[in-house]
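Letters A, B, ... are given to chains in the order of the sequence lines, protein chains preceding strands, and every chain is numbered from 1.
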Amino acid sequence: MTITTMLDYEFIRYGLICAVVVGLCAPTVGTFIVQRRLALLGDGLGHVAITGVAVGLLTSTQPLWTTLIATVSAAVITELLRTYSKASGDVALALMFYGGIAGGVFLTSLASDKGVANLHSYLFGSLMTTTREDAVAIGVGGAAVVVLMVLLLPWLSSISIDETYARASGVPVMALNMLLLCTAAVVVSVSMRVVGLLLVSALLVIPVVTAAQIGRSFKSTFVLAMIAGALVGGGGVVVSALLFVPAGATIVLLGIALFVLVTVAAALARLVSKNRRGGPAKADAISLSSAD
Amino acid sequence: MTITTMLDYEFIRYGLICAVVVGLCAPTVGTFIVQRRLALLGDGLGHVAITGVAVGLLTSTQPLWTTLIATVSAAVITELLRTYSKASGDVALALMFYGGIAGGVFLTSLASDKGVANLHSYLFGSLMTTTREDAVAIGVGGAAVVVLMVLLLPWLSSISIDETYARASGVPVMALNMLLLCTAAVVVSVSMRVVGLLLVSALLVIPVVTAAQIGRSFKSTFVLAMIAGALVGGGGVVVSALLFVPAGATIVLLGIALFVLVTVAAALARLVSKNRRGGPAKADAISLSSAD
Amino acid sequence: ACGNEGSGADDGKLSVVAGFYPLAFAAEQVGGDHVAVTDLTPPGEEAHELELKPDQMAEVVDADLVVHLDDFIPSLDKAVEEYASDNALDAAEGQDLLTFDGEIDSHDDHGGEEGHDDHGHEGEEGHDDHGEEEGHEAEEGHDHDHGSVDPHLWLDPTRYAKLGDAIADRLAEIDADNADDYRANAEAFGDDLAELDAKFTESVEGSERDDIVTSHAAFGYLADRYDLDQIAIAGLSPDQEPAPARMAEISDYIKEEGVTTVFFETVASPAVAETVARESGAETATLNPLESLTAEDLDAGDDYFSVMEANLAALEKALN
Amino acid sequence: MPDKTPPVLDVDGLTVAYDRHPVLDGLDLTVRQGESVALTGSNGSGKSTLIKAVLGLTAAQSGAIRLFGTDRRRFKSHSRVGYVPQRSTLHGNIPVTVKETVAAGRLNRRLPGLPPRAADRRAVRDAIASVDLAELADRPMSDLSGGQQQRAYIARALAGEPELLIMDEPTVGVDAGTQELLARVVADRLDHGCTLLLVTHETGPLNGYLTRTVHLHGGEKAYDGPTIGLHGHDDEPACLHPGGEAEAPAATAHDVPGQLFEKGRDR
Amino acid sequence: MPDKTPPVLDVDGLTVAYDRHPVLDGLDLTVRQGESVALTGSNGSGKSTLIKAVLGLTAAQSGAIRLFGTDRRRFKSHSRVGYVPQRSTLHGNIPVTVKETVAAGRLNRRLPGLPPRAADRRAVRDAIASVDLAELADRPMSDLSGGQQQRAYIARALAGEPELLIMDEPTVGVDAGTQELLARVVADRLDHGCTLLLVTHETGPLNGYLTRTVHLHGGEKAYDGPTIGLHGHDDEPACLHPGGEAEAPAATAHDVPGQLFEKGRDR
Ligand SMILES: Nc1ncnc2c1ncn2[C@@H]1O[C@H](COP(=O)(O)OP(=O)(O)OP(=O)(O)O)[C@@H](O)[C@H]1O
Ligand SMILES: Nc1ncnc2c1ncn2[C@@H]1O[C@H](COP(=O)(O)OP(=O)(O)OP(=O)(O)O)[C@@H](O)[C@H]1O
Ligand SMILES: [Mg+2]
Ligand SMILES: [Mg+2]
Ligand SMILES: [Zn+2]
């Protein structure tokens with residue numbers, strides 16, 4: 001396959017659309033998640049989804065609903081744990097992780113004769129098997145999430161940056177926290193069915209930390225993260241199509257490569273500017289004192 | 001199987017020994033890990049182990065060695081990332097997670113004709129299939145880890161509590177950090193072959209956060225965590241044997257149940273003592289002023 | 001092994017523990033009324049993902065015979081090695097095994113064959129996170145923990161018949177009183193399989209095409225026996241996320257060669273097969289690799305033979 | 001003046017205990033509009049606890065708290081109260097600028113989901129200028145020195161244009177020049193009818209504007225009256241010199257003198 | 001006295017820059033054994049940066065730093081230096097008691113892997129007592145008030161029985177009683193030949209013991225000489241009154257007077 005014939009294939013077109021949309025949308029939620037040190041939330045929700053599917057199969061309910069219920073309640077419990085026990089975010093996440101896995105294993109073993117075995121086919125999508133409907137759903141849902149996050153940016157950033165102050169100044173902290181975590185739960189549960197859990201949970205984090213290496217403010221980091229996510233998503237699909245490698249893993253590795261590149265470049269830039277500091281430093285000082 | 005006949009089975013005896021030893025030993029490393037907000041380190045190392053096994057199979061090296069090399073270098077990289085980039089621990093972990101998974105997927109897809117397919121049998125053990133040699137190895141290794149952690153407790157706790165101060169006061173922070181993370185890497189890589197990754201990574205965290213709910217100092221939390229770990233490990237094996245459920249998952253769920261119980265009990269105790277504060281409060285005040 | 005009171009001893013039957021469905025089915029056919037067979041993999045469960053629970057371990061330890069397939073269920077292998085090495089029968093013993101290399105198809109510039117990779121997931125603890133892993137990735141479902149040797153030998157009736165004979169020999173050793181019954185049962189089982197083999201040979205030999213496109217390479221023995229070309233999309237495991245280039249290549253091949261059907265397996269997600277089918281204009285159909293039967297299958301009275309007949313019908317339709 | 005204006009903050013029989021340790025014990029306090037109150041007391045005497053209870057950051061065992069005449073739990077006009085916490089610190093992985101930090105103090109005047117109006121932008125800019133951080137407005141907080149960060153937190157409280165300013169040791173680590181600047185800002189706010197409740201151990205230019213002192217000791221008010229000795233070690237005025245003008249009878253109930261008194265049982 | 005004792009800290013042409021912003025620019029500073037030096041300067045003038053560079057917490061672009069005559073990078077007798085950071089805060093999931101916190105300051109006198117000796121235990125106990133926290137020694141730090149926590153950090157620096165005490169605004173939030181207590185502790189240490197380098201904006205009992213003042217401005221020493229105006233606003237003595245006795249010529253290079261001077265370009 002070459003770069004020109006690639007788009008002749010429908011499944012590559014849809015995969016590309018989904019990758020770019022998830023790349024744009026996941027970091028908008030991810031910025032707040034990363035700020036509050038919950039970088040592994042996406043993965044944790046994925047683990048809980050296993051229990052959700054198991055419950056769905058056991059009770060003969062549509063697994064999508066039980067998954068959503070399981071992940072949203074896990075998000076709520078994480079938040080409550082964080083708020084009311086002495087546990088920090090990562091501990092709440094870890095409890096969710098291990099509880100999610102162990103719960104899934106336990107339930108399957110209790111009722112293995114109900115077809116519960118086949119959990120994973122309810123859980124994991126693959127970028128290359130997305131359909132037109134998937135692409136439309138992801139596009140519409142993704143746009144809604146982006147709009148919500150952008151509109152609430154100052155509020156969500158204030159609770160992520162200094163929660164105690166936000167609470168003292170009357171921001172509805174609990175409600176916003178729940179909104180954020182539930183949005184994350186919905187984004188992860190829905191899009192992992194389409195693009196796979198690895199991809200969505202990695203795109204929640206990697207573009208954001210990449211952007212944070214060069215961003216100078218919360219807002220610029222937010223925007224840079226969206227750009228990085230879309231770039232890595234789109235680029236990964238193209239590279240994987242050219243190189244005969246799986247798309248999801250390629251996107252993630254490309255994201256990590258970009259992170260390393262940006263981090264090293266930023267460090268070098270700092271070093272260089274330090275060494276020739278005589279110049280800009282003086283200029284700086286002058287502009288500052290004249291402004292005084 | 002009943003509680004009396006249970007110990008007639010050799011495999012239950014060995015499983016019980018391994019569960020109790022891992023229950024005692026994992027929290028000693030875990031206390032420092034949890035204090036530095038790296039609660040998901042164990043799971044992350046497990047993900048990296050996948051890449052390690054893949055490399056071993058591709059290069060026809062003994063997978064145990066490549067796994068150890070992979071997890072130890074991942075631990076080192078996590079620490080370097082945390083120290084030199086602006087990323088916090090959870091972000092470093094997330095990069096390791098997703099990099100580990102994606103790397104494994106990628107490598108397997110590149111060379112699937114080399115028997116790489118069979119990754120998991122190199123990775124995951126099960127408590128119920130531990131042998132005498134496993135039990136001996138785990139026992140000796142576990143004891144060594146406990147001794148090391150106990151001897152270095154003040155140093156390791158000082159770098160976990162206030163790393164900047166420790167650095168300023170001449171504690172060899174980098175060396176101790178590396179020692180800690182490498183110990184964690186070795187503990188996880190070795191014992192997941194025997195008792196499973198879920199079990200060892202969960203026991204790294206759950207007993208510690210349980211203990212932190214009632215501990216009043218670092219040292220008491222450390223000791224309580226060991227007790228909780230051993231209790232849960234041993235209890236879980238017994239319960240799983242009686243109830244015909246998988247041992248690993250049972251231990252983890254039991255651990256979470258204990259955490260919930262302790263947290264609720266501690267919260268209730270606080271509430272009660274608040275409401276009857278008139279009594280102890282006055283007494284307290286008196287003892288304080290008379291001591292003055 | 002301790003406590004060898006033998007769970008089957010109560011009613012005078014031999015206790016036989018089998019790793020998963022085809023092994024259990026063969027043991028039942030051969031053992032008849034003289035044995036009580038326990039299938040360690042519950043209906044509908046992925047065999048490779050099995051974590052042995054304490055009570056199952058006790059069954060393995062106490063069994064008169066354990067029938068397993070080396071490299072298929074890692075935790076069972078270990079249990080057998082430690083606690084039942086004297087009472088175990090490896091189903092692969094004495095069989096002419098296929099490796100994935102080359103034998104299965106010719107389309108593999110990049111990783112094709114290999115069949116399965118492993119996966120384990122919900123099963124044992126470990127996996128899981130693990131499970132995750134692939135999970136993360138792939139579409140999932142069925143999978144296999146086998147190295148470069150293809151374990152699905154029961155999909156070739158002639159090899160499956162040899163397993164019946166091997167089980168009969170072992171049972172005869174253990175329970176000399178009923179040796180003749182076991183040999184007779186094995187012979188009858190072999191006859192049924194020979195009949196099935198004849199049906200396959202007949203309908204496949206006369207068919208227009210000999211390409212079978214599957215979502216992963218579980219049907220190597222079937223292809224080997226009946227001279228078919230197996231083209232596996234994801235190459236290895238159904239868990240493995242397929243490379244887009246591979247999917248495009250197979251779509252092109254399907255269009256060029258006029259292949260009509262893309263097969264997926266009962267337990268695996270059909271997503272990859274459906275995508276390739278959509279892209280190339282082919283249809284999808286199921287082939288059952290028979291690693292386990294679901295509770296519904298069993299309730300409906302299905303067994304190895306009826307499922308193989310269904311597979312045959314699907315093949316006939318696709319190849320003609 | 002104090003007696004004629006309406007009460008802005010009304011604390012009635014407030015009791016707060018952490019675990020088994022009582023910190024505030026039936027505390028009464030009324031602050032009227034336009035007053036400027038210094039809240040003093042030794043370390044651990046419960047000053048921050050009082051403030052946290054008023055802001056709803058700590059649960060009280062008993063007692064009532066009214067803000068602008070409304071019970072705290074029903075109080076919704078959060079923009080009327082500004083808050084500078086003791087020891088704010090940075091955490092999180094993403095850089096946050098001074099402007100973004102200060103803008104968080106203006107959120108309680110904005111409608112969720114709507115962009116800031118011109119007035120909001122101006123208020124943020126003015127607040128930053130008033131602590132002399134205009135040149136650093138777009139720099140990440142993590143690049144700032146300790147005192148500069150503290151000034152940003154003060155600006156955050158000012159950005160909401162509050163009527164009641166509650167500051168917990170706000171001038172900690174702030175240099176003398178900026179303290180004087182800040183004193184002028186505070187004076188200006190007081191002129192506009194703003195009310196001030198300020199915790200302090202330090203002496204400094206601000207103290208000149210604090211006309212009333214409330215001194216906590218042993219979970220109760222040990223002194224409540226006019227500030228004595230405006231310059232110098234004025235953070236403990238009533239206790240070091242428990243003069244006749246103290247209105248609180250509690251002050252005389254303590255018979256421990258000077259130094260010891262300050263290191264008493266309430267730590 | 002200062003000129004006769006050996007230098008304890010010797011900073012030579014120290015230059016530190018963050019990103020493109022130079023903070024210290026070829027700074028020279030020598031502190032001799034037994035001196036007690038106040039390090040002053042407005043917010044952002046580089047006081048903490050200087051201290052961090054001395055302790056190896058910040059990389060310097062150029063310049064040499066010698067501690068007790070040894071280059072900082074080869075300096076190994078860490079127990080000779082005690083440090084109180086500006087704004088220590090708690091983090092982590094596990095409770096840590098006051099005693100455990102203070103014991104961390106003693107580690108540099110212990111051999112890794114060995115239990116504490118009686119002297120170690122005594123030093124920790126004495127340090128805690130010297131900041132008047134004995135009764136709270138076994139309480140978790142998170143239960144303490146802001147000032148109490150600060151006192152624990154001071155005790156941590158004292159626990160190593162250092163010869164050079166470097167404190168970055170140590171009395172921030174510490175009540176007057178404890179400040180006096182602390183002043184006595186410091187006086188006692190000075191009597192025993194200890195050296196003191198202390199950053200401060202505040203006035204307080206400690207300042208009486210600070211005989212020399214180094215004032216930073218624009219990345220350079222603006223004043224280095226005896227402390228002027230011991231009580232009062234003495235954190236900016238030389239600049240508000242750049243008297244003739246200033247040894248640093250830099251002080252006269254600035255022609256900006258009073259107030260403006262304090263809010264100069266170095267913020
Ligand atoms: N990590 C950093 N990155 C970039 N700039 C920094 C960093 N730390 C400090 N600075 C800048 O360096 C300058 C000096 O900071 P420093 O902390 O040394 O000041 P200070 O004299 O201690 O002030 P304060 O009295 O407020 O504590 C400040 O202008 C600050 O903005
Ligand atoms: N979260 C907590 N848990 C338990 N006890 C606490 C907690 N916070 C404060 N305390 C205790 O309550 C008492 C009052 O603390 P508070 O912070 O109100 O003091 P403060 O007057 O503000 O002191 P400072 O001048 O040091 O800031 C102290 O004795 C402290 O030990
Ligand atoms: Mg306070
Ligand atoms: Mg400073
Ligand atoms: Zn298979």
Per-residue contacts, residues 154-165 of chain D versus chain A, heavy atoms under 4.5 Å: D:Arg156, D:Ala157

Contacting region of D:Leu111 [heavy-atom separation from chain A under 4.5 Å]: backbone

Residue part contacting chain A, namely of D:Leu114, when any heavy atom lies under 4.5 Å: backbone

Minimum-distance pair of heavy atoms, taken over all atoms of A:Gly215 and D:Pro95: O-CG, 3.2 Å

Side chain / backbone / both / neither for D:Leu57 at chain A, heavy atoms under 4.5 Å: side chain

Whether D:Asn108 side chain and A:Gly170 backbone form a donor-acceptor pair below 3.5 Å: no

Closest approach of D:Leu107 to A:Pro154 (non-hydrogen atoms, all atoms of both residues): CD1-O, 3.5 Å

Residues 177-185 of chain A: residues contacting chain D (heavy atom under 4.5 Å, by number): none

Segment of A:Val150 engaging chain D (4.5 angstrom heavy-atom cut-off): neither

Chain D contact via A:Thr221 - which portion, at a heavy-atom distance below 4.5 Å: side chain

Interatomic distance, D:Ile94 atom CD1 to A:Lys219 atom NZ [nearest 0.5 angstrom]: 14.5 Å

Qualifying salt bridge (Lys or Arg N to Asp or Glu O under 4.0 Å) pairs, either residue in residues 91-104 of chain D, two or more places apart: D:Lys99-D:Asp138

Proximity breakdown for A:Thr31 and chain D, heavy-atom pairs closer than 4.5 Å: both

Gap separating the CZ atom of A:Arg216 from the OG1 atom of D:Thr97, nearest 0.5 angstrom: 10.0 Å

Atom of A:Ala168, atom of D:Tyr83 and distance for their closest heavy-atom approach: CB-CD2, 3.6 Å

Over all atoms of both residues, closest heavy-atom pair of A:Leu152 and D:Gly113: CD2-N, 4.0 Å

Results of side-chain hydrogen bond (donor to acceptor under 3.5 Å, both in side chains) for D:Asp126 - residues two or more places apart only: none

